[in-house]
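The structure appears right after this line, and notes come after that.
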2 protein chains.
Amino acid sequence: MFRAFFKYKLVILYGCSLAVLLLLMRWLELRFLILSHTQDVYNGAIALIFTILGIWIALKIAKPKKETIIVEKTIYLQPEKEFILNQTALTELNLSTREMEVLELMAKGMSNAEIAEKLFISLNTIKTHSSKLYEKLEVKRRTQAVEKARQLKLIA
Amino acid sequence: MFRAFFKYKLVILYGCSLAVLLLLMRWLELRFLILSHTQDVYNGAIALIFTILGIWIALKIAKPKKETIIVEKTIYLQPEKEFILNQTALTELNLSTREMEVLELMAKGMSNAEIAEKLFISLNTIKTHSSKLYEKLEVKRRTQAVEKARQLKLIA
DNA sequence: TTAGCACTCATCCTTTTGGGTGATTTACTA
DNA sequence: TAGTAAATCACCCAAAAGGATGAGTGCTAA
């Protein structure tokens with residue numbers, strides 16, 4: 001509420017100082033005339049006071065002027081790579097559930113032995129599965145299998 | 001500059017009207033007293049005028065408040081263009097150019113022999129490179145290396 | 001009921017991969 | 001100029017992966 005007033009304190013102070021200075025000069029130079037010019041001083045005081053009052057009222061009443069600046073900020077978002085399983089390819093390749101499990105663990109970089117341990121089946125079985133996997137995917141190595149599966153959107 | 005003045009025209013007009021009305025009433029009802037109260041009227045006029053002056057000054061001086069509105073504009077990057085090579089990780093890992101080449105071909109599912117043929121160097125050299133690669137990437141198998149490189153955005 | 005499929009496991013053998021070590025050349029740097 | 005790092009290659013050995021084949025079990029659809 002008074003912030004605006006304080007904001008223009010300088011202007012007001014400047015005006016006041018000027019008025020005071022003028023009055024002082026008058027008082028010093030025309031000291032003897034003051035008494036006969038009481039009415040002038042009185043009027044000046046009224047003028048000054050009401051000017052300040054006017055300013056104060058205006059600042060108090062006046063709604064702050066708003067100047068709207070619209071800044072466009074561009075944010076680059078990386079879309080959540082929503083993995084969409086390629087059902088078409090999956091059904092076409094006709095991979096069994098076990099084969100898919102093995103494929104997924106393969107893609108994580110696990111060795112056949114680790115996969116066997118995780119799935120509670122023997123290493124030989126994993127080898128069988130992986131061999132069938134390579135046949136169905138038409139690849140020769142596990143790295144190729146993983147790469148192809150990734151391209152076909154069979155795995156994330 | 002005068003926009004502000006016009007904006008508060010209503011307030012000013014209201015004040016003026018009120019003052020005029022009061023003066024009018026005094027003039028009508030206390031017509032006979034006016035002459036003996038000339039000084040009061042004069043003072044009132046001064047007060048009114050300077051109040052208005054103050055208001056006018058204040059409105060003229062007042063700076064508009066700036067209000068910044070930030071509009072966020074979200075742009076989703078195309079997933080196809082999203083591969084940004086992770087330079088930070090790349091420099092931290094301190095992979096040599098040859099090692100990077102081997103890594104890339106590895107990720108494509110090529111065997112060491114194929115990579116050797118492609119790069120016109122011996123199989124043994126490829127083995128040396130891949131071994132150093134695994135050391136630097138802190139992995140044990142090539143599938144893990146590919147997986148980790150993919151996660152670190154070293155390869156697409 | 002039987003043929004087919006998925007899943008399991010095994011054995012034998014080959015290829016690929018990985019670890020370890022050492023050596024040479026080249027190019028750049030303190 | 002000596003030292004360092006990258007790149008090259010070799011040899012040996014072990015582990016992992018892959019290919020081929022056979023076989024047992026359980027479930028399902030023709």
Side-chain angles (χ1 to χ4, degrees), chain A residues 85-152 154-155, chain B residues 85-152 154-155:
Chain A
L85 191 137
N86 186 348
Q87 271 295 342
T88 316
L90 188 59
T91 49
E92 276 179 12
L93 288 170
N94 199 25
L95 299 183
S96 74
T97 52
R98 232 13 174 186
E99 283 159 4
M100 270 302 295
E101 285 178 309
V102 172
L103 177 59
E104 279 165 14
L105 297 177
M106 246 182 205
K108 289 184 181 173
M110 292 174 75
S111 69
N112 285 343
E114 287 168 340
I115 297 173
E117 197 181 353
K118 176 142 193 170
L119 297 182
F120 303 108
I121 52 183
S122 91
L123 175 60
N124 289 308
T125 309
I126 298 299
K127 283 184 170 185
T128 309
H129 286 317
S130 56
S131 286
K132 283 214 162 191
L133 211 44
Y134 303 151
E135 271 182 41
K136 292 183 180 178
L137 286 173
E138 295 173 317
V139 296
K140 292 192 171 185
R141 275 177 288 283
R142 65 169 42 211
T143 40
Q144 283 182 347
V146 172
E147 172 69 7
K148 185 148 190 179
R150 222 182 285 272
Q151 281 181 357
L152 290 176
L154 297 179
I155 54 176
Chain B
L85 193 137
N86 186 349
Q87 271 295 342
T88 316
L90 189 59
T91 50
E92 276 179 12
L93 288 170
N94 199 27
L95 299 183
S96 75
T97 52
R98 228 22 172 179
E99 283 158 2
M100 269 303 293
E101 286 178 310
V102 172
L103 177 59
E104 280 164 13
L105 297 178
M106 244 181 207
K108 288 184 183 175
M110 292 174 75
S111 70
N112 286 343
E114 287 168 341
I115 297 173
E117 196 181 352
K118 174 141 194 170
L119 297 182
F120 303 108
I121 52 184
S122 90
L123 175 60
N124 289 308
T125 311
I126 299 298
K127 282 183 170 186
T128 308
H129 287 317
S130 57
S131 285
K132 282 213 165 192
L133 210 46
Y134 303 151
E135 271 182 42
K136 292 183 179 176
L137 287 173
E138 295 173 319
V139 296
K140 293 192 169 182
R141 273 177 289 283
R142 67 169 41 208
T143 41
Q144 283 182 349
V146 172
E147 171 69 6
K148 185 150 190 178
R150 221 181 285 273
Q151 281 182 358
L152 290 176
L154 299 178
I155 54 175

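Values in this document were obtained by computation on a predicted structure and should not be read as measured data. Protein chains get the first letters and strands the later ones, always in sequence-line order, with residue 1 at the start of each.
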> Are Lys108(A) and Glu114(A) within salt-bridge range, i.e. N to O under 4.0 Å?
Replying inline: no

> Short question: side chain of Glu99(A), backbone of Leu95(A) - any donor-acceptor pair under 3.5 Å?
Replying inline: no

>> In whole Å, I'd like the distance from the CD atom of Glu99(A) to the P atom of dC7(C).
In response: 6 Å

> What does the inter-axis angle of the helix from dT1(C)-dA30(D) to dA30(C)-dT1(D) come out as, five pairs per end, nearest 10 degrees?
Replying inline: 40°

>> Which nucleotide wins on minimum distance to the side chain of Arg141(B), given the candidates dA16(D), dA7(D), dA10(C)?
In response: dA16(D)

> Under a 4.0 Å heavy-atom cut-off, which of residues 127-137 of chain A touch DNA chain C?
Replying inline: Thr128(A), His129(A)

> Does Thr97(B) make a side-chain N or O approach to OP1 or OP2 of dA7(D) shorter than 4.0 Å?
Replying inline: yes

> Can you check the Asn112(A) CG to dG18(D) P distance for me, whole Å?
Replying inline: 6 Å

> Looking at dG18(C), dT8(D), dC9(C), which one has an atom nearest to any side-chain atom of Arg142(B)?
Replying inline: dG18(C)

>> Using a 4.0 Å heavy-atom cut-off, does Ser122(A) contact any base of the nucleic acid, only the sugar-phosphate backbone, or nothing at all?
In response: sugar-phosphate

>> Tell me whether Lys136(A) at atom NZ has more than 12 heavy atoms from other residues, nucleotides or ligands lying less than 6.0 Å away.
In response: yes

> For the pair made of CG in Leu93(B) and P in dA6(D), what is the distance, rounded to whole Å?
Replying inline: 13 Å

> Looking at Ile126(A), Leu119(A), Asn112(A), which hits side-chain contact (heavy atoms from CB on, under 4.5 Å) with Leu105(A)?
Replying inline: Leu119(A)

> Would you call Glu101(B) and Arg98(B) a salt bridge, using N to O less than 4.0 angstrom?
Replying inline: yes

>> From CG of Asn124(B) over to C1' of dA7(D), roughly how many Å is that when rounded to an integer?
In response: 13 Å

> NA contact type, Ser111(B), heavy-atom cut-off 4.0 Å: base, sugar-phosphate, or nothing?
Replying inline: sugar-phosphate

>> Can you measure Ile126(B) atom CD1 to dC9(D) atom P for me and round it to whole angstrom units?
In response: 9 Å

> Taking atom P of dT16(C) as reference, at what distance in whole Å does atom CD of Glu117(B) sit?
Replying inline: 12 Å

> Ile115(B) has an atom CD1; how far is it from atom P of dT16(C), in whole Å?
Replying inline: 13 Å

>> Using 0.5 Å steps for rounding, measure from the OG atom of Ser111(A) to the CD atom of Glu117(A).
In response: 9.0 Å

>> Of the options dA10(C), dA10(D), dA7(D), whose atoms approach the side-chain atoms of Arg98(B) most closely?
In response: dA7(D)

> Glu104(A): what forms a salt bridge (charged side-chain N to carboxylate O under 4.0 Å, His left out) with it, not counting sequence neighbours?
Replying inline: none

> Rounded to whole angstroms, how far apart are CD1 on Ile121(A) and P on dT25(D)?
Replying inline: 18 Å

> Just wondering, do Met106(B) and Thr143(A) contact through their side chains at under 4.5 Å, heavy atoms?
Replying inline: no

> Would you say Val139(B) and Glu147(B) make side-chain contact, with heavy atoms under 4.5 Å?
Replying inline: no

